[in-house]
K.L.:
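Quick one: this structure, given as structure tokens, is what I'll be asking you about.
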Amino acid sequence: MTVLRFLARRLGAAVVILLVLSFVVFFLQQVSPGDPARAYVGANASTATVDAEREQLGLDDPFFVQYGRFLAGAVTGDLGRSLRTRHAVTDDLQTYLPATAELVLAAFGLALVLAALFALSATRRWPGAAPLRGVLLVLASAPPFLLALVGIIVFFGRLGWLPAGGRGDYVDPGPTGMLVLDTLLHGQTDAFLDAVWHLVLPATVLAIAPAVAIGRIFRASLDGALETDYVRTARSKGLTERRVLAHHVVRNSVGPTLAMAGLQLGFMFAGVVVVEQVFSWPGIGNYLAASIPVADFPAIAGVTLVLGAVYVLTNTLVDLLQAVCDPRVVAE
């Protein structure tokens, strides 16, 4: 299989998955007991007003006509209007998504560092490796909301080292909406440090479980690579253990680790809802949590589609990176 065929197959699969996701989201919206027209005009509106709103929204059209309109809007970036905020869902997502992206990317970077420490400390038998792995395993076994509450009690309530929530008092000047990056671009050191300080605790809570999952796969790959013939040959040539590890073992252990890292990145976007609620982080997790109790289906559908697209595209990118790292993947 050529690289172009491999790329086309992966992208085609991603498109099919997104189409299925959009259909499921729209179907669930249709069978739900809530009435979008009533939600738009208010609970006290007359029946005639509700009927007129239903006709204007096209809710009396056949199912597949409505789905086609929904799909066309999703493709062009029109996800409807939120019943709760009365703003376009796309505008709401543009407001809240940068905060979530900043949190998830910071947590993912931290997870990769912890995963590398988890795996390499065991493989190299560093002093203190066992306590480090033990602490990470214990923390990873706790639910994220519990870990977040304990972190707030200890590091904010008892020690006063870290803030309990929020992103700080800084007003975002753009252009990315990510405070850490924007304050750095504007050369505002105090605001940058404050943004980092607010990011530490929620990012750490979000990173622990993925770090252990990635670290376990990385360690198993390292242990397997260390038993191969090419590693024994490299050692027989007199190469140092560090060089063998860097040039032969780690490079051949990246494939399975990349696959797990891609999965965990997608899971982090899904699990960020709980962390954002506990830490009052103004991202799409909080936006979704506020939309569910009032049956704000356009907002719920918009967030679901965005998270689904991120998950699918992330894993497609991981497949392509695996193909670059190991050309044998393309031939399968």
K.L.:
So, for T314 and G262, which heavy atoms are closest and what is the spacing to 0.1 Å?
P.N.:
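So the two residues come closest at CG2-O, 3.8 Å.
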
K.L.:
Hey, what do you get for CG (L162) to CZ (F279), rounding to the nearest 0.5 Å?
P.N.:
9.0 Å

K.L.:
May I ask you to test the L263-Y311 pair for a side-chain heavy-atom distance under 4.5 Å?
P.N.:
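L263 vs Y311: side chains touch.
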
K.L.:
Walk me through whether Y67 and F27 qualify under side-chain contact (heavy atoms from CB on, under 4.5 Å).
P.N.:
CA-CA 8 Å; Y67 173 66; F27 177 76; over 6 Å; no

K.L.:
With a 4.5 Å limit on heavy-atom distance, are the side chains of R216 and M260 in contact?
P.N.:
no

K.L.:
Is the shortest side-chain heavy-atom distance between W197 and P163 below 4.5 Å?
P.N.:
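When only atoms from C-beta onward are counted, P163 and W197 do touch, with a gap below 4.5 Å.
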
K.L.:
Is it the case that the side chains of Y287 and T100 hold a donor-acceptor pair, with the cut-off being a distance below 3.5 Å and no angle test?
P.N.:
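Judged by distance alone, the side chains do not pair up.
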
K.L.:
For the residue pair F155 and W161, does the interplanar ring angle fall in the parallel (under 30°), tilted (30 to 60°) or perpendicular (over 60°) class?
P.N.:
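Aromatic pair F155/W161 classed tilted.
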
K.L.:
What's the shortest heavy-atom distance between Q264 and A213, and which atoms?
P.N.:
NE2-CB, 3.6 Å

K.L.:
Looking at every non-hydrogen atom in both residues, tell me the closest pair between A107 and A203 and how far apart they are.
P.N.:
CB-O, 3.4 Å

K.L.:
Would you give the length of the straight line joining atom CG of L193 to atom OG1 of T183, rounded to the nearest 0.5 angstrom?
P.N.:
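Spacing of CG (L193) from OG1 (T183) equals 8.5 Å.
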
K.L.:
Start with the C-alpha distance between L179 and F192, add both sets of side-chain angles, then the distance that settles side-chain contact (heavy atoms from CB on, under 4.5 Å), and finish with yes or no.
P.N.:
CA-CA 7 Å; L179 294 188; F192 168 76; over 6 Å; no

K.L.:
Contact between L185 and P175 at the side-chain level, heavy atoms closer than 4.5 Å - yes or no?
P.N.:
yes

K.L.:
side-chain contact (heavy atoms from CB on, under 4.5 Å), that's the test. Do D190 and D194 meet it? Break it down for me.
P.N.:
CA-CA 6 Å; D190 292 340; D194 183 63; over 6 Å; no

K.L.:
Looking at CZ of R84 and CD1 of I292, how far apart are the two atoms once the value is rounded to the nearest 0.5 Å?
P.N.:
10.5 Å

K.L.:
Under 4.5 Å between any side-chain heavy atoms of D182 and Q188, yes or no?
P.N.:
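When only atoms from C-beta onward are counted, Q188 and D182 do not touch, as no gap falls below 4.5 Å.
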
K.L.:
So, applying side-chain contact (heavy atoms from CB on, under 4.5 Å) with V89, which one of I300, L79, D78 is it?
P.N.:
L79

K.L.:
Do S22 side-chain atoms and L19 backbone N/O form a donor-acceptor pair below 3.5 Å?
P.N.:
yes

K.L.:
Hey, could you give me the NE2/CH2 distance between H198 and W281, rounded to the nearest 0.5 Å?
P.N.:
8.0 Å

K.L.:
Ring-plane angle category for F23 and F64, please: parallel below 30°, perpendicular beyond 60°, tilted otherwise.
P.N.:
parallel

K.L.:
What distance do H186 atom NE2 and L181 atom CG have between them, rounded to the nearest 0.5 Å?
P.N.:
10.0 Å

K.L.:
If you look at every heavy atom in I152 and L201, which pair is closest and at what distance?
P.N.:
N-CD2, 4.0 Å

K.L.:
Test your reading of the model: is there a side-chain donor-acceptor pair from D296 to the backbone of S82, 3.5 Å cut-off?
P.N.:
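Judged by distance alone, no pair lies under 3.5 Å.
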
K.L.:
Between T95 and D91 (side chain of the first, backbone of the second, donor and acceptor by atom type, cut-off under 3.5 Å), is there such a pair?
P.N.:
yes

K.L.:
State, to 0.1 Å, how close I208 and L136 come at their nearest heavy-atom pair, and which atoms those are.
P.N.:
CG2-O, 4.0 Å

K.L.:
Search all heavy atoms of A99 against all heavy atoms of P282 and return the closest pair with its distance.
P.N.:
CB-O, 3.4 Å

K.L.:
Indicate yes or no for a side-chain donor-acceptor contact from Q277 to the backbone of N286 under 3.5 Å, with no hydrogens or angles considered.
P.N.:
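Not confirmed, Q277 side chain does not pair with N286 backbone.
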
K.L.:
When rounded to the nearest 0.5 angstrom, what distance separates CD in Q66 from CG in L71?
P.N.:
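One finds 13.5 Å between CD of Q66 and CG of L71.
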
